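Report on the following structure.
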Amino acid sequence: MLTPVMTHDWNLSPTQAVALQRELAASVREVKLARIPALVAGADCAFCSHGEEIIAGWVVWDVKRRKLVEEVVAVERTTFPYVPGLLSFRETPAMLAAAAKLSVKPDLLMFDGHGRAHPRRFGIACHVGVLLDLPSIGCAKSRLCGEHKEPASSRGACVSLVDGEEKIGRVLRTRERLKPVFVSVGHKITLDGAVDVVLRCCTTYRLPEPTRLAHVLVTREKANHAP
DNA sequence: GCGACAG
DNA sequence: ATCTTGTCGC
């Protein structure tokens with residue numbers, strides 16, 4: 001159901017991958033969302049066989065009704081190592097394979113990783129968002145680049161994540177006193193819009209439901225795949 | 001050369 | 001991410 005509007009070679013060297021990121025970063029669009037998304041898809045991956053196999057999963061979350069609508073997974077051979085800044089080249093192929101299995105079309109995609117809060121402003125949220133041409137958000141558990149102050153301790157409190165002169169993301173407290181998350185634009189959304197959506201998706205945990213449930217999904221799938 | 005470094 | 005038990009704090 002979710003098919004890429006464009007493709008490119010994935011068999012690249014780290015140097016070629018970096019060049020491709022610089023090239024594709026120009027196609028990222030930062031525009032206001034037409035309306036609050038009803039269905040938000042969250043993606044995550046788990047690894048097997050000493051990292052030789054990757055399990056990608058998507059969960060579609062109904063924001064208003066606060067319930068899970070669909071889950072899909074795909075298992076593939078890993079073809080790219082984990083290199084800080086090149087995460088999407090390791091996880092995207094499997095994520096696209098799983099996305100093709102979705103029967104419902106989500107309004108927005110959410111990732112466990114960064115979007116524009118990336119050295120070349122092209123984290124995994126930007127990469128998948130551009131390939132599938134859908135609004136997307138990066139919601140990472142830790143920082144990749146940029147500097148920031150400590151946000152206040154209340155839910156919803158946030159500060160800017162800055163890299164040089166650029167505001168590349170926002171450090172957002174999703175639960176009172178808990179470690180904040182790093183939100184950034186993936187594609188076709190504004191930073192304020194991204195923060196709003198992340199908060200709407202955070203019910204009782206630090207991480208937004210789409211991404212949290214996707215993690216539960218791939219972890220469970222991994223367990224009953226190699227018993 | 002010495003740290004930092006999404007998952 | 002992954003390998004792992006109990007344990008301290010809200």
Side-chain angles (χ1 to χ4, degrees), chain A residues 10 14 17-18 21 24-25 28 42-59 73-96 98 109-130 136-148 152-155 157 161-164 168-187 191 194 198 204-208 210-223 225-227:
Chain A
W10 289 101
V18 167
Q21 290 184 318
L24 296 179
V28 171
D44 193 29
C45 294
F47 297 83
C48 274
S49 315
H50 306 284
E52 303 205 357
E53 272 195 319
I54 177 172
I55 300 174
W58 286 92
V59 149
V73 298
V75 182
E76 300 206 328
R77 292 277 302 184
T78 304
T79 63
F80 201 91
Y82 169 67
V83 178
L86 297 180
L87 176 68
S88 65
F89 290 88
R90 178 174 174 74
E91 306 189 339
T92 302
M95 283 185 177
L96 292 180
L109 313 176
M110 195 175 281
F111 299 83
D112 188 352
H114 297 97
R116 292 194 60 194
H118 175 280
R120 291 167 291 284
R121 310 293 181 260
F122 200 69
I124 191 168
C126 299
H127 204 152
V128 182
V130 166
S136 64
I137 297 172
C139 183
K141 299 184 295 300
S142 63
R143 185 192 71 94
L144 208 210
C145 65
E147 307 169 338
H148 67 87
S153 63
S154 62
R155 169 190 155 88
L161 177 61
V162 181
D163 191 9
I168 61 176
R170 204 155 294 163
V171 185
L172 174 70
R173 191 88 64 186
T174 57
R175 292 305 278 170
E176 182 94 29
R177 283 183 300 274
L178 295 189
K179 186 176 188 288
V181 297
F182 296 74
V183 181
S184 60
V185 170
H187 189 46
L191 184 52
V198 167
T204 59
Y205 298 87
R206 175 172 81 112
L207 301 180
T211 284
R212 190 186 70 79
L213 291 174
H215 184 272
V216 170
L217 170 64
V218 297
T219 298
R220 181 205 313 144
E221 200 60 28
K222 171 183 176 178
H225 203 281

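Because the structure is a prediction, the values reported are computed rather than measured. Within every chain, numbering begins at 1; the chains are lettered A, B, ... in the order of the sequence lines, protein sequences first and strands thereafter.
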Holding to side-chain hydrogen bond (donor to acceptor under 3.5 Å, both in side chains), I want the full list of residues that pass it with [X], two or more places apart in sequence or in another chain.
| X | result |
| --- | --- |
| A:Lys141 | A:Asp112 |
| A:Glu221 | none |
| A:Arg90 | none |

Tell me: [atom1] of [X] to [atom2] of [N], nearest whole Å?
| X | N | atom1 | atom2 | result |
| --- | --- | --- | --- | --- |
| A:Phe122 | B:dA6 | CZ | P | 19 Å |
| A:Ile55 | C:dT2 | CD1 | C1' | 13 Å |
| A:Ile54 | B:dA6 | CD1 | P | 16 Å |
| A:Asp44 | C:dA1 | CG | P | 7 Å |
| A:Phe89 | B:dA6 | CZ | P | 17 Å |
| A:Glu221 | C:dA1 | CD | C1' | 17 Å |
| A:Leu172 | B:dA6 | CG | P | 20 Å |
| A:Leu144 | B:dA6 | CG | C1' | 4 Å |

Touch class at under 4.0 angstrom, heavy-atom based, for [X] against every strand present:
| X | value |
| --- | --- |
| A:Gly138 | nothing |
| A:Leu178 | nothing |
| A:Leu86 | base |

Those stems involving DNA chain C that have three or more consecutive Watson-Crick or G-U pairs, both distances under 3.5 Å, are none
Main chain of [Y], side chain of [X]: is a donor-acceptor contact present, judged purely on distance under 3.5 Å?
| X | Y | value |
| --- | --- | --- |
| A:Arg173 | A:Ala152 | yes |
| A:His114 | A:Ser142 | yes |
| A:His118 | A:Gly85 | yes |

Could you work out, with side chain to side chain contact (heavy atoms under 4.5 Å, CB included) as the rule, every residue matching [X], not counting sequence neighbours?
| X | result |
| --- | --- |
| A:Thr174 | A:Leu172, A:Val181, A:Val198, A:Cys202, A:Arg206 |
| A:Arg212 | A:Tyr205, A:Leu207, A:Glu209, A:Val216 |
| A:Ile54 | A:Cys45, A:Phe47, A:Glu76, A:Thr78, A:Glu91, A:Ala94 |

Using a 4.0 Å cut-off on protein heavy atoms (strictly under), produce a 5'-to-3' string for nucleotides 3-10 of chain C with B for base contact, S for backbone-only sugar-phosphate contact, and - for none.
S------S
Please determine whether the number of non-hydrogen atoms from other residues, nucleotides or ligands lying under 6.0 Å from atom CD of A:Glu176 exceeds 12.
yes
Determine: side-chain N/O of [X] to OP1/OP2 of [N], distance under 4.0 Å, yes or no.
| X | N | result |
| --- | --- | --- |
| A:Lys141 | B:dG7 | yes |
| A:Arg143 | B:dA4 | no |
| A:Ser142 | B:dC5 | no |

Sequence neighbours left out, what pairs pass salt bridge (charged side-chain N to carboxylate O under 4.0 Å, His left out) with at least one residue falling in residues 44-58 of chain A?
A:Glu52-A:Arg77
Can you sort out the partners of A:Phe89 under ring-ring contact (aromatic ring centres under 6.0 Å, His included), two or more places apart, ordered by chain and number?
A:Trp10, A:Phe80, A:His127
Report the stems of DNA chain B as range-with-range entries sorted by first number; a stem here is at least three consecutive pairs, Watson-Crick or G-U wobble, both distances under 3.5 Å, and write none if there are none.
none
Under 4.0 Å, heavy atom to any atom of DNA chain B: which of residues 110-121 of chain A qualify?
A:Asp112, A:Gly113, A:His114, A:His118
Quick one: closest heavy-atom pair of A:Gly115 and A:Cys126, and the distance?
C-SG, 3.3 Å
Out of B:dA6, B:dG7, C:dT2, whichever nucleotide has its closest atom nearest the side chain of A:Ala46
C:dT2
Ring stacking, A:Tyr82 with base of B:dG7, under 5.5 Å and under 30°?
yes
Taking the side chain as every heavy atom from C-beta outward, state whether A:His187 and A:Leu109 have any pair of such atoms under 4.5 Å apart.
no
Let me confirm one number: the CZ-CE distance from A:Phe111 to A:Met95, rounded to the nearest 0.5 Å.
6.0 Å
